[in-house]
Amino acid sequence: MNDNVLTYKQLFWLFLSMQVIMNMLLTPSGSIMIAQQDAWLSALIAILISLLTLWTSIKVCTRYPSMDFHVIIETIAGKWIGRILSIFLLISFTIVLAVMLRQYGEFVSGTVLPKTPISVIIFCILVTAIYPTFHGLGVIGRLAEIFGPILLLGIISPILLGIVNMDVKHLLPFWYDSGILAIITGSLGPAAFLTDCVLILWIFNLSEFHPNKIKYLVWGIITSGLLYLLSVTSIIATFGVKIASTHLYPFLILERYISIFGMIENLDAIVITVWILSIFLKICLYLFVTSYGFSMYTAKKNRQKMVFYIAGIAFLLSLLPRNVVDISIEFPQVVGIPFILPFWVVLPLFLSLTIFIKDKINKTQ
């Protein structure tokens with residue numbers, strides 16, 4: 001079985017599910033530390049950056065609707081430049097896949113399985129992710145359709161129950177303490193997560209044609225960004241800047257803080273559950289895209305065999321960081337934000353501008 005057809009509704013649930021919860025858990029403290037109480041403005045800028053990346057990516061794919069991305073990029077940029085850029089993109093996806101695996105291992109080890117070796121935790125989710133990835137994108141899409149509504153309910157319900165603990169005074173003063181440079185800098189962390197919508201370059205033309213496909217995809221990214229905005233605002237309004245910026249997982253602490261008459265407590269268990277579902281879908285999608293992409297550059301083009309090779313490489317890479325500081329603080333500052341984020345934003349923009357210039361030249365001739 002090799003089912004690579006993805007419906008437009010599955011696109012919505014897939015991108016919403018894979019983006020939202022990792023961003024909510026891992027980036028708020030860094031963004032709040034930089035932009036202070038204006039971190040919600042940083043979230044808005046991150047949403048705009050991700051929408052720019054999505055829009056330029058869709059422009060590239062819709063210009064060549066019957067082609068795979070490795071053919072599209074070589075048609076636009078030339079054979080060798082296109083091939084180099086395409087392989088760099090796939091390498092960046094593989095590195096991020098390894099980072100996600102290690103973050104999953106660190107999170108599960110730190111919250112529910114403290115005595116289990118991280119390598120065992122990573123191996124287990126990787127083996128589980130191989131099965132749907134091996135069978136194709138359609139299987140991952142159907143899982144997203146099942147998990148998506150559960151994730152949405154699991155995110156919104158705890159935030160609404162925590163409204164009684166929030167104080168909007170923690171969001172003031174507006175703009176006064178931070179300034180535009182700090183707000184933009186604070187947006188880079190969440191933007192690094194939201195701009196992985198660049199994955200669409202590799203799968204847009206695999207999914208079925210439908211007039212609503214682009215609309216559903218855009219709404220998936222917007223909904224994911226707005227939920228991140230809501231979570232950051234809730235964290236600041238509940239704890240204030242000083243406390244929120246010192247916790248590694250402030251959204252998890254927010255859910256632990258909720259107590260409704262002593263009857264509804266420990267909602268962090270819900271967050272841990274939806275986080276595992278979300279990262280599972282994200283690992284599956286990254287594993288599919290990297291195996292599909294790299295298989296295009298091998299002689300036999302066997303994507304299913306490539307799944308095992310990529311999974312093995314990602315597993316070994318995930319064991320390289322020494323601890324949670326390396327993977328959650330050093331990697332974003334040294335590699336993620338300076339190199340991977342600009343590459344993901346600039347590549348589709350460059351391809352889109354090249355198409356625009358070529359079309360203008362052809363019209364003048």
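The structure presented is a predicted model; accordingly, all values stated were derived computationally and were not measured.
For the pair Phe204/Pro65, no side-chain contact is recorded, criterion being any heavy-atom separation below 4.5 Å from C-beta on. At a threshold of 4.5 Å between non-hydrogen side-chain atoms, the residues Leu277 and Ser17 do not count as touching. Contact annotation: the side chain of Val139 never approaches that of Phe134 to less than 4.5 Å [non-hydrogen atoms, C-beta and beyond]. The side-chain heavy atoms of Phe343 and Val198, taken from C-beta on, include no pair separated by under 4.5 Å. Side-chain atoms of Ser119 and Leu319, non-hydrogen and from C-beta on, do get closer than 4.5 Å to each other. The side-chain heavy atoms of Met18 and Asp196, taken from C-beta on, include a pair separated by under 4.5 Å. A heavy-atom distance below 4.5 Å is found between the side chains of Ile81 and Leu85. By the 4.5 Å heavy-atom criterion applied to side chains, Ile214 and Tyr8 are not counted as neighbours.
In this structure a side-chain-to-backbone donor-acceptor pair under 3.5 Å is missing from Asp167 to Ala237. A donor-acceptor pair is defined here as one N or O able to donate and one able to accept, closer than 3.5 Å; such a pair exists between the side chain of Gln10 and the backbone of Thr7. Side chain of Asp68 to backbone of His70: no donor-acceptor contact under 3.5 angstrom is found. Of the possible polar contacts, none joining the Ser109 side chain to the Glu106 backbone as a donor-acceptor pair under 3.5 Å is found. Under a 3.5 Å cut-off, the side chain of Ser31 and the backbone N or O of Pro28 do not form any donor-acceptor pair. With hydrogens and angles disregarded, a donor-acceptor distance shorter than 3.5 Å links the side chain of Asn205 to the backbone of Tyr64. Formation of a donor-acceptor pair under 3.5 Å by the Arg303 side chain with backbone atoms of Tyr292 is not found in this model. Judged purely by atom type and a 3.5 angstrom limit, Lys59 has no side-chain atom pairing as donor or acceptor with the backbone of Leu351. Remark: side-chain polar atoms of Ser86 are not paired, donor with acceptor, to backbone N or O of Gly82 under 3.5 angstrom.
Here the CD1-CG distance, from Ile156 to Leu227, works out to 5.5 Å after rounding to the nearest 0.5 Å. Between Thr185 atom OG1 and Leu188 atom CG the span is 6.0 Å, to the nearest 0.5 Å. Remark: Leu199 CG to Leu14 CG distance equals 9.0 Å, nearest 0.5 Å. Summarising the geometry, atom CH2 belonging to Trp344 is positioned 6.0 Å from atom CZ belonging to Phe93; distances are rounded to the nearest 0.5 Å. Between the CG atom in Leu347 and the OG1 atom in Thr56 there is a gap of 8.5 Å [rounded to 0.5 Å]. One distance of note links CD1 of Ile200 with OG1 of Thr53; it measures 12.5 Å at 0.5 Å rounding.
Between Phe294 and Tyr309, the gap from one ring centroid to the other reaches at least 6.0 Å.
With respect to the salt-bridge test (charged N to carboxylate O, under 4.0 angstrom), the residues Glu74 and Arg83 qualify.
Here the closest heavy-atom approach between residue Leu194 and residue Ser224 is recorded as CD2-OG, 3.7 Å. For the residue pair Leu285 and Ile203, the shortest heavy atom distance occurs at CD1-CD1, 4.1 Å. Taking every heavy atom of both residues into account, Ala46 and Ala191 meet most closely at CB-N, 3.7 Å. Minimum interatomic distance between Ser352 and Val60 (heavy atoms only, all atoms of both residues): N-CG2, 3.8 Å. Closest approach of Pro342 to Ile337, counting heavy atoms only: CD-O, 3.1 Å. Between Val307 and Ser291, the shortest heavy-atom contact is CG2-OG, 3.5 Å.
Using a 4.5 Å cut-off between side-chain heavy atoms of Ile, Leu, Val, Met, Phe, Trp and Tyr, with links allowed through other members, Ile121 and Leu320 fall into different hydrophobic clusters. Put simply, Leu349 and Ile58 are part of two different groups of oily side chains (I, L, V, M, F, W, Y) that touch within less than 4.5 Å, one to the next. Each of Ile49 and Phe339 belongs to its own hydrophobic cluster when Ile, Leu, Val, Met, Phe, Trp and Tyr are linked at side-chain heavy-atom distances under 4.5 angstrom. One hydrophobic cluster, built from ILVMFWY side chains closer than 4.5 Å, cannot hold both Leu287 and Ile313; they sit in different ones. Linking Ile, Leu, Val, Met, Phe, Trp and Tyr whenever their side-chain heavy atoms come within less than 4.5 Å puts Phe315 and Phe280 in one cluster.
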Could you check Ile310 against Leu97 for side chain to side chain contact (heavy atoms under 4.5 Å, CB included), going step by step and ending with a plain yes or no? CA-CA 10 Å; Ile310 298 296; Leu97 172 62; 4.1 Å; yes

Decide yes or no on side chain to side chain contact (heavy atoms under 4.5 Å, CB included) for Thr27 and Tyr228, but give the supporting numbers first. CA-CA 9 Å; Thr27 64; Tyr228 173 73; 3.1 Å; yes

Test log, rule side chain to side chain contact (heavy atoms under 4.5 Å, CB included), inputs Trp202 and Leu89: CA-CA 10 Å; Trp202 277 100; Leu89 185 63; 3.9 Å; yes

Carefully, step by step, assess Leu44 and Leu41 under the rule side chain to side chain contact (heavy atoms under 4.5 Å, CB included). CA-CA 5 Å; Leu44 285 176; Leu41 289 173; 4.2 Å; yes

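Atom NZ of Lys242 has 12 or fewer neighbouring heavy atoms from other residues, nucleotides or ligands inside a 6.0 Å radius.
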